[in-house]
Every structure is written in C-alpha cells, then in structure tokens.
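Have a look at the structure below, then the notes.
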Amino acid sequence: MRYNILYFASLRDGAGRDSEEVESVHADASQLYDELRQRHGFTARQQTLRLAVNGAFASWDHELADGDEVAFLPPVSGG
Amino acid sequence: MRYNILYFASLRDGAGRDSEEVESVHADASQLYDELRQRHGFTARQQTLRLAVNGAFASWDHELADGDEVAFLPPVSGG
Amino acid sequence: MSRFRLSDQPIDAATLARALADASAGACVTFEGWVRNENAGRLVQRLDYQAYVPLAQTEGERILAEARQRFALVDTACVHRIGALAIGDLAVWVGVSAAHRDAAFAACRYIIDEVKQRVPIWKNEHYAGGESGWLHPDNTPVK
Amino acid sequence: MSRFRLSDQPIDAATLARALADASAGACVTFEGWVRNENAGRLVQRLDYQAYVPLAQTEGERILAEARQRFALVDTACVHRIGALAIGDLAVWVGVSAAHRDAAFAACRYIIDEVKQRVPIWKNEHYAGGESGWLHPDNTPVK
C-alpha cells in the first residue's frame with residue numbers, strides 16, 4: 001500500500017524531510033512506524049507517539065488504507 | 001472636639017454633602033456615628049460600616065483626637 | 001512607581017500589559033471588568049464610581065504588595081476607573097506577569113478578589129426607569 | 001467564524017480582546033504566553049514553532065467548543081504563533097469573556113492547559129552555544 005507520511009519535530013529532523021510517499025505491506029500503524037523507524041534511525045519509541053490519519057487523531061489499532069495520509073506525532077509543546 | 005467627617009456612597013446621599021466640620025463631645029467613633037446618624041437620618045447600622053481615621057483603616061475602639069479626619073465607610077463595591 | 005492607580009480617564013489596557021513585559025516572564029494574565037447592562041435582573045443604563053481616593057490608593061498598593069509576596073511574580077499593576085461609565089466601558093484592569101502561568105493566574109484572581117472586597121470604591125447603578133442604587137461587594141443593593 | 005487560529009504574523013492582543021466584548025459580559029480574562037530567555041536552567045536565544053496545521057486547527061476549535069460547553073461564557077478565542085520567535089514575543093493568546101469572573105478565569109485556564117497538552121504544535125528552542133532541542137509539554141527536552 002502507498003501512504004503519504006508526514007513528519008514533525010524530532011521525526012522531521014530524523015527523516016530529513018517534511019513528508020514522503022511510502023510503499024509498505026503494513027496496514028498496522030505500529031508495524032509501519034517500526035519500518036520507518038529502522039529506515040530513518042528514529043529514536044522515539046512508538047508508545048511516546050500519537051497517531052493521526054487523514055488529518056484526525058486515530059487509535060493505534062486503526063487499520064490503514066491505501067492512499068492514507070499518516071502522521072506519527074511526538075509529544076506536543078505548544079503554548 | 002472638632003472633626004472633619006467624610007461621606008461616601010449612601011452616607012453622602014443621606015448627608016447631602018461630601019464632608020463637614022463637626023463639633024462633638026465624643027472621642028468614641030461609635031458614639032460619634034450615632035450622633036451623625038440621628039442628625040442626618042442615616043439608615044446604615046454602625047456594624048455594617050468600616051472606620052477610617054486620617055486616611056487609614058482603624059478599629060472601632062480607636063480613640064479619636066481633635067482635628068481627626070473621620071470617614072464611616074459603607075460596604076465597598078468596586079470592580 | 002505606583003502600580004495601583006485610580007483613573008477618571010479611559011484605561012489603555014494594551015499599554016499597561018506591555019509594561020509588565022520582561023525577558024524572564026513567560027506568562028501574563030489580565031482581568032478586565034466591564035460594565036454590564038444587567039445586574040440582579042435589573043437593566044443597568046450607566047454607573048458612577050465614587051472612591052475615597054487616598055485610602056483606595058494605599059489599600060490597592062497593599063493588595064499588590066501582598067500578591068508579590070504570596071506568588072512568584074515578575075510584575076503586576078491595577079487601574080480602577082472612577083466617575084461616570086457607560087455599558088461596555090472598562091471599569092477595572094488587573095495584569096500580572098510571571099515566569100509561569102500558575103502564579104500569574106492565582107495572583108490575578110487574588111488581586112481582583114481583594115480589590116472588590118477591600119478597596120474603598122463604591123458603585124452606583126442607574127437603572128432603566130430612572131432609579132439608582134449603591135451596591136454591596138456581591139452586587140446586591142445596599143438596603 | 002473560526003475562533004482558533006494559527007498565525008505566522010505577530011498577534012494583535014488588543015484587537016482580539018475587543019472582539020470578545022458584549023453588553024452582557026462583565027469579565028474578560030486573557031492569557032498571554034511570552035517567549036522566555038530561560039528554560040530548565042538553559043539560556044534560550046530564540047525558538048521555532050512547528051505545527052500540523054489542519055489538525056491543530058481542528059483540535060484548537062474542539063477545545064474552545066468544550067470550554068463554551070463547560071463554562072457560562074459570552075465568547076472566547078485563541079491564537080497561536082507558528083514560525084520563528086524572539087525573546088519577549090507573544091507566542092499564544094487566549095481570551096474569554098463571560099458575565100462573571102469565575103467562569104472567565106476557569107475557562108481561560110482550561111483552554112491554555114488543553115492547548116498545551118493536545119494541540120499538535122512543537123517548540124524548538126535554540127540555546128546560547130548553538131544547540132537546539134524539541135520539548136515535551138512540560139518543557140523538558142525530548143530525549
């Protein structure tokens with residue numbers, strides 16, 4: 001499946017880009033994150049991240065679909 | 001003794017003036033207030049008022065001195 | 001540097017807030033009291049504030065000093081209007097800056113609560129129909 | 001009428017506060033978050049805010065809607081800066097108007113607390129010495 005992955009904060013620094021198109025066999029967001037973590041050498045553990053799919057927060061058991069926009073969100077620090 | 005009495009809010013309305021020079025035998029503030037209450041027909045009971053002498057809050061057992069500026073303060077309502 | 005002020009002119013909130021700024025301040029909380037068109041079910045048309053000016057000044061400063069002592073503040077100020085005000089007018093402004101927001105919120109609340117309870121200022125509301133009345137600190141009528 | 005806004009331009013607090021006015025509003029509480037020169041013992045020189053804009057917008061609006069539901073408000077708004085900020089810059093503004101101050105204080109505090117916890121915005125602090133780092137909601141460093 002093809003995903004558009006968005007990166008923010010430490011993950012953006014780690015990936016060296018804002019976003020990327022990714023081809024993956026995983027419909028499970030945790031497994032997708034693990035794959036990207038290995039590829040880019042992210043240090044953030046999945047448990048510290050929130051998942052967002054197509055611009056909305058989603059739980060980690062949300063099943064991904066082809067063409068989804070997926071973001072793994074580090075702890076926020078606005079304000 | 002001579003006092004300069006200041007009036008505010010409902011007492012100012014009752015006395016029809018901001019202030020007045022008063023000659024009184026009372027050095028006790030409660031007795032002085034009773035005298036003025038009778039003179040002007042104030043409805044406010046002394047227990048509802050705070051006393052100020054020479055620009056500072058004072059307790060009701062504060063002994064007044066000749067020439068004091070005395071104010072009987074109704075409950076405040078700023079803000 | 002008098003931080004508590006009575007004013008017979010409109011209050012410039014933006015200028016007052018800017019004056020609280022400091023490189024060590026991360027939070028600024030302000031309270032504005034506006035003249036409402038209604039109190040206790042009666043339509044208010046305008047109001048007058050009367051003050052015992054020198055004592056109000058002293059007591060206001062004392063409240064700000066208490067706040068500075070109780071809370072970790074960078075700066076604080078308060079201005080209260082006197083004279084005739086219309087609906088919507090800014091009647092009282094309190095501003096507090098602090099390193100962190102806990103102290104700023106707590107101090108701002110402390111100051112406005114104490115000002116309303118202790119500072120010798122009196123509000124006379126003028127109602128639709130021509131009546132008027134002095135108020136207690138809880139905005140109930142006197143007598 | 002979007003009440004939560006991300007802005008890459010300076011925030012005009014005075015104009016925002018005026019827009020909360022209403023004849024039925026007696027209290028207005030505002031919170032301003034300013035960029036401090038220090039965090040956790042390190043000298044901060046400037047910072048950058050990054051945001052996941054569409055989700056930040058949705059989540060910010062949701063927080064304001066929650067505040068309107070929980071507290072008796074007249075109006076509320078919030079603006080958060082994104083991009084590069086200097087020491088002293090206004091980073092986030094929250095304003096609440098209400099008939100009475102209890103609701104205004106409580107709602108203002110609720111909104112800034114929730115914004116800091118939930119809205120996808122990230123702060124990157126640049127320190128004296130050239131280092132920089134992303135922060136957690138409690139302003140401790142990530143890793």
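Residue numbers start from 1 in every chain, and the chains themselves are labelled A, B, ... in the order their sequence lines are given, proteins ahead of strands.
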Inset, instruction - Please indicate whether D:Glu131 has more than 12 foreign heavy atoms, meaning atoms of other residues, nucleotides or ligands, lying under 6.0 Å from its CD. - result: no

Legend entry - Closest contact, heavy atoms only, D:Lys116 versus A:Gly78: CG-O, 3.4 Å

Legend entry - A:Ala9 versus chain D, the contacting section by heavy-atom distance below 4.5 Å: both

Legend entry - Contact origin within D:Gln117 toward chain A - heavy atom pairs under 4.5 Å: backbone

Legend entry - Positions in residues 14-52 of chain D that reach chain A, provided some heavy atom is under 4.5 Å away: D:Tyr49, D:Gln50, D:Ala51, D:Tyr52

Legend entry - Within 6.0 angstrom of A:Glu21 CD, more than 12 heavy atoms from elsewhere: yes

Legend entry - Interface residue of largest heavy-atom contact number with chain D, from A:Gly55, A:Ala56, A:Ala52, under 4.5 Å: A:Gly55

Legend entry - Nearest-0.5 Å distance that lies between atom CG in D:Leu55 and atom CZ in A:Arg50: 8.0 Å

Legend entry - Shortest non-hydrogen contact between A:Phe57 and D:Pro120, atoms and distance: CZ-CD, 4.3 Å

Inset, instruction - Please check if atom CD in D:Gln69 has more than 12 non-hydrogen atoms from other residues, nucleotides or ligands closer than 6.0 Å. - result: no

Inset, instruction - Return yes if some donor-acceptor pair links the side-chain N/O of D:Trp122 with the main-chain N/O of A:Pro74 below 3.5 Å, else return no. - result: yes

Legend entry - A:Leu73 portion near chain D, given a 4.5 angstrom heavy-atom threshold: both

